[in-house]
Undergrad: 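Quick one: the structure is below, and I'll ask about it shortly.
Letters A, B, ... are given to chains in the order of the sequence lines, protein chains preceding strands, and every chain is numbered from 1.
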Amino acid sequence: MIDLKQLREDPDHFREAARAKGIVVDVDRLLELDEARRTLVAEQESLRSEQKRISKEMGPELGRRKGRLKKADAEEAAVLQREIAELEARPSELKALIQGLDERIELVEPEWRALWLKVPQPPASDVPPGASAEDNVELRRWSPDGFDPGTSFTEQKGFAPRTHLQLIEQLGLVDFERGVKMAGSRHYVLVGDGMRLHQAILRLAFDHMTQTHGFTPMSVPVIVREECMVGTGFFPSGREQAYHIEESQRGAGHDLFLTGTGEVGLMGYFADEIIDRERLPITCTTVSTCFRREAGAAGKDAAGLYRVHQFDKVEQVVIHEADEATHRAWHGRMLGYVEELLQQLELPYRLLQCCTGDLGAKNEDMIDVECWIPGRGKDGPDGRPLGDWGETHSASRLRDYQTRRLNLRYRDEDRKTVFPYALNNTVVASPRILVPLLEIHQQEDGSIRVPEVLRPYLGGQERIG
RNA sequence: GGAGAGGUGGCGGAGCGGUUGAACGCGCCGGUCUCGAAAACCGGUAUGGCCUUCGGGUCAUCGAGGGUUCGAAUCCCUCCCUCUCCGCCA
């Protein structure tokens, strides 16, 4: 969430941010509620202050009288009762006033809070304006020697590519029918070398982060409380994307939600904590199963492994001191780790600078990585797909938006608590990454060449099929 | 799932409903002493909000949320969490 003080000082900055991101939020209404709430709270506090003061002054006096009242005769009791009534008059009045203010505060607070959570993080000043993914800007691309996404696969390789669906079918790597039988559309079962390849890639990526780059390996819960989802910024706006386990319907005290990314667990881990400055930067990674309802994506990428409800992902998270330059440096570094991995896997990819309209509420900057997928895109004159880029990674710079929501802080040199900056980035998500991997490394005979880095994770196997 | 015990500051641990934001101890920081250190002694040591003439003022917080009361860490209710025993179990 954003800093309300900043909002008060420069509301236009946040109005403009919401507009740029295409998010509708009534900033004026929020300011109005904020002002009303602060006035009411201030009033209530001064009344409380008086109540406390009176209570301290005459509380013991009152208590003594009430004690005496118990064993007083009728005449004394009457006197005592009158005195008690006098003493209690002002405090009773205060109590009523405070309660009245309570009710008025409760009237504004829910809307105030809901609006506050909705105000997006302003995009960084150098993020290009744009309405949607159409306006994203390519930063750079890389291809292994001897391959160029600009020219057709058939021309370069001397044979027409099969789609990953055809390859999967021929090689028996995935059973979609049984997946759908058990769990419905967008479910699948990786079989044989399909499952081995999936595990090999995850392990390669995990080792890449932990062993090569020293990130702390962690496991995370993938079933979490609502607070984790709100704290990491996935709720309330993305509520319909998460599977909801309604344990409260069965008598439990709270519901649970399936996480769509390991980021939720890696960040939620530190929620409500004040971290020692010496522990920063925190660099951690996890491999976790991710669940996404894909609400609103009906019919989109309906076939194959590209868009599914359940997948596994190696995720990297960095939490560091609140500093702009450090933030940008980490962003580049984390992208570098991904590029290393994709280059080792010999997959053509490009980096896309997301425009303001494609950022989402919590990011100030986001760079997507897309891999070249020969079997994607529109059909060419020969009736075969022309190939297209497909998003496989996303690297977000969140500044303090997420740590503020999570109430995650550290102490600076002056012993002041500060919200650190956070970033997260996919290392690899599978089986989605299998789509480009299978298609790019397919051979004319329909077999798949296993890139060298993966071979140790497949018992030295050089080829599938 | 059944039975019981309990959640207080960085940690340990007090707390008849009324100067208890919280005794005491440990830890930590500063000081005295010392060539230096230890010991001893003295002082300080939560987080957040709002206001501020930047000195400070004020409110909230004793697992969470409600309630009783003029007044709640203390009484009542609900929930969350932890521990012990039994049952089940990868």
Undergrad: Verify the distance criterion only: is there a donor paired with an acceptor across the side chains of Asp365(A) and Gln353(A) at less than 3.5 Å?
TA: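 Short answer, yes.
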Undergrad: Counting only heavy atoms not in Arg411(A), do more than 12 fall under 6.0 Å of its CZ?
TA: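 Result for CZ/Arg411(A): enclosed.
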Undergrad: Which of residues 30-47 of chain A have a heavy atom under 4.0 Å from RNA chain B?
TA: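 Listed by number, they are Arg38(A), Glu45(A).
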Undergrad: What is the distance, rounded to the nearest whole Å, between atom CG of Leu4(A) and atom C1' of rC51(B)?
TA: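 From Leu4(A) CG to rC51(B) C1': 16 Å.
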Undergrad: Rounded to the Å, how far apart are Glu273(A) CD and rU47(B) P?
TA: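 Rounded to the whole Å, the gap is 15 Å.
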Undergrad: Could you give the CD-to-P distance, from Glu247(A) to rC79(B), as a whole number of Å?
TA: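 Result: 15 Å.
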Undergrad: In whole angstrom, give me the gap between the P atoms of rG17(B) and rC76(B).
TA: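 Those two atoms are separated by 11 Å.
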Undergrad: With a 3.5 angstrom cut-off on both distances, give the Watson-Crick or G-U wobble partner of rG7(B), or none if there isn't one.
TA: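 rG7(B) is paired with rC80(B).
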Undergrad: Inspect the surroundings of CD in Glu452(A) and state if more than 12 heavy atoms from other residues, nucleotides or ligands are less than 6.0 Å away.
TA: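 At most 12 heavy atoms, drawn from other residues, nucleotides or ligands, come within 6.0 Å of this atom.
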Undergrad: Which one is paired to rA23(B), where only Watson-Crick or G-U wobble pairs with both distances under 3.5 angstrom count?
TA: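 In the structure as shown, rA23(B) has no Watson-Crick or wobble partner.
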Undergrad: Ring centroid separation for Phe291(A) and Phe311(A), is it under 6.0 angstrom?
TA: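 Not under 6.0 Å, so no.
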Undergrad: Give one of base, sugar-phosphate or nothing for Lys416(A), where a contact means two heavy atoms less than 4.0 Å apart.
TA: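 Answer is nothing: Lys416(A) stays at 4.0 Å or more from every strand.
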Undergrad: Could you pick out which residue, Asn407(A) or Gln51(A), lies toward the 5' side of RNA chain B when each is mapped onto its nearest nucleotide?
TA: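 The answer here is Asn407(A).
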Undergrad: The side chain of Lys5(A) is closest to which nucleotide in this list: rC50(B), rU47(B), rC70(B)?
TA: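 Of rC50(B), rU47(B), rC70(B), rC50(B) is nearest to the side chain of Lys5(A).
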Undergrad: Measure the distance from CD on Glu109(A) to C1' on rC50(B) and round it to the nearest whole Å.
TA: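 Rounding to the nearest Å, CD of Glu109(A) and C1' of rC50(B) are 13 Å apart.
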Undergrad: Using the glycosidic torsion, which applies to rG55(B): syn (within 90° of 0) or anti (everything else)?
TA: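 Base orientation relative to the sugar is syn.
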Undergrad: Rounding to the closest angstrom, what is the interatomic distance between rU69(B) and rG63(B) at atom P?
TA: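 To the nearest whole Å, 23 Å.
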Undergrad: Mind checking who rU47(B) pairs with, Watson-Crick or G-U wobble, both distances under 3.5 Å?
TA: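 Its partner is rA60(B) (Watson-Crick or G-U wobble, both distances under 3.5 Å).
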Undergrad: Just name whichever nucleotide pairs with rC85(B), Watson-Crick or G-U, keeping both distances under 3.5 Å, else none.
TA: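 Across all strands, the one nucleotide that pairs with rC85(B) is rG2(B).
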Undergrad: Is it the case that Asp102(A) and Gln44(A) place a side-chain donor and acceptor less than 3.5 Å from each other?
TA: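 Per modelled atom types, Asp102(A) and Gln44(A) side chains form a pair under 3.5 Å.
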Undergrad: Would you say that Glu391(A) contacts Val369(A) through its side chain, given a criterion of any heavy-atom pair below 4.5 Å between the two side chains?
TA: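 No, too far: nothing below the 4.5 Å cut-off.
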Undergrad: Measure from CZ on Arg48(A) to P on rU58(B) and round the result to the nearest Å.
TA: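 In whole Å, rU58(B) P lies 15 Å from Arg48(A) CZ.
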Undergrad: How long is the line joining CG of Leu101(A) and P of rC59(B), in whole Å?
TA: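 Answer to the nearest Å: 15 Å.
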Undergrad: Mind listing the N/O atom pairs, protein and nucleotides 63-66 of chain B, below 3.5 Å?
TA:
none

Undergrad: Without decimals, in angstroms, what is the distance between Asp272(A) CG and rG48(B) P?
TA: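 Interatomic distance, CG of Asp272(A) to P of rG48(B): 12 Å.
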Undergrad: Check the side chains of His309(A) and His187(A) for a donor-acceptor pair under 3.5 angstrom, ignoring hydrogens and angles.
TA: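 No pair is found: no donor N or O on one side chain lies under 3.5 Å from an acceptor on the other.
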Undergrad: Can you tell me if the side-chain N/O atoms of Ser49(A) get under 4.0 Å from OP1 or OP2 in rC59(B)?
TA: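 Yes, within the criterion.
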Undergrad: Which base sits across from rA40(B) as a Watson-Crick or G-U pair, both distances under 3.5 Å?
TA: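 In the structure as shown, rA40(B) has rU32(B) as its Watson-Crick or wobble partner.
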Undergrad: Determine the contact category for Arg404(A): base if any of its heavy atoms lies under 4.0 Å from a base atom, sugar-phosphate if only primed atoms, P, OP1 or OP2 are that close, otherwise nothing.
TA: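 Answer is nothing: Arg404(A) stays at 4.0 Å or more from every strand.
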Undergrad: Do the side-chain N or O atoms of Lys52(A) get closer than 4.0 angstrom to the phosphate oxygens (OP1, OP2) of rA60(B)?
TA: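 Checking rA60(B) against Lys52(A), a side-chain N or O does come within under 4.0 Å of OP1 or OP2.
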Undergrad: Given rC81(B), is OP1 or OP2 found less than 4.0 Å from the side-chain N or O atoms of Arg225(A)?
TA: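 Yes.
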Undergrad: With rounding to the closest Å, how many angstrom separate the C1' atoms on rU47(B) and rC42(B)?
TA: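 rU47(B) and rC42(B) have their C1' atoms separated by 28 Å.
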Undergrad: Step by step, work out the side-chain contact (heavy atoms from CB on, under 4.5 Å) result for Leu30(A) and Asp26(A).
TA: CA-CA 6 Å; Leu30(A) 175 57; Asp26(A) 192 340; over 6 Å; no
Undergrad: Under a 3.5 Å cutoff, is there a donor and acceptor pairing between the side chains of Ser430(A) and His198(A)?
TA: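 Yes, because at least one side-chain N or O of Ser430(A) sits under 3.5 Å from a partner of the opposite role on His198(A).
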Undergrad: Work out how far the C1' atom of rC85(B) is from that of rG44(B), and round it to whole angstrom.
TA: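 These two C1' atoms come out 46 Å apart once rounded.
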Undergrad: Taking the C1' atom of each, how far is rC11(B) from rC16(B), in whole Å?
TA: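 Result for the C1' pair: 28 Å, nearest Å.
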Undergrad: Does one side chain, of Arg292(A) or Gln310(A), offer a donor that lies under 3.5 Å from an acceptor on the other?
TA: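 Judged by distance alone, the side chains do not pair up.
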Undergrad: Ignoring backbone atoms, establish whether Arg411(A) has a side-chain N or O less than 4.0 Å from OP1 or OP2 of rU47(B).
TA: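 For Arg411(A), the contact criterion (side-chain N or O under 4.0 Å from OP1 or OP2 of rU47(B)) is met.
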Undergrad: Taking the side chain of Arg409(A) as heavy atoms from C-beta outward, which of rC70(B), rU47(B), rC50(B) is closest to it?
TA: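 The answer is rU47(B), which lies nearest to the side chain.
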Undergrad: Would you tell me whether His244(A) and Asp255(A) have side-chain atoms, one donor and one acceptor, within less than 3.5 Å of each other?
TA: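 His244(A) vs Asp255(A): donor-acceptor pair found between side chains.
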Undergrad: With a 6.0 Å cut-off on the ring centroids, do Phe215(A) and Tyr337(A) count as close?
TA: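 Aromatic pair counts; centres sit under 6.0 Å.
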Undergrad: Distance between the P atoms of rU20(B) and rA60(B), in whole angstroms?
TA: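 Taking atom P in both rU20(B) and rA60(B), they lie 16 Å apart.
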Undergrad: Closer to the 5' end of RNA chain B via nearest nucleotide, is it Gln99(A) or Glu50(A)?
TA: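 Whichever sits nearer the 5' end wins; that is Glu50(A).
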Undergrad: Sticking with atom P, work out how far rC88(B) lies from rG65(B), rounded to a whole angstrom.
TA: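 These two P atoms come out 39 Å apart once rounded.
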Undergrad: Report the distance from atom CD1 of Ile274(A) to atom C1' of rA46(B), rounded to the nearest whole Å.
TA: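 Those two atoms, CD1 and C1', are 8 Å apart.
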Undergrad: Which one, rU47(B), rC81(B), rA60(B), comes nearest to the side chain of His254(A)?
TA: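 The answer is rC81(B).
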Undergrad: Sticking with atom C1', work out how far rA14(B) lies from rG87(B), rounded to a whole angstrom.
TA: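 Here rA14(B) and rG87(B) have their C1' atoms 38 Å from each other.
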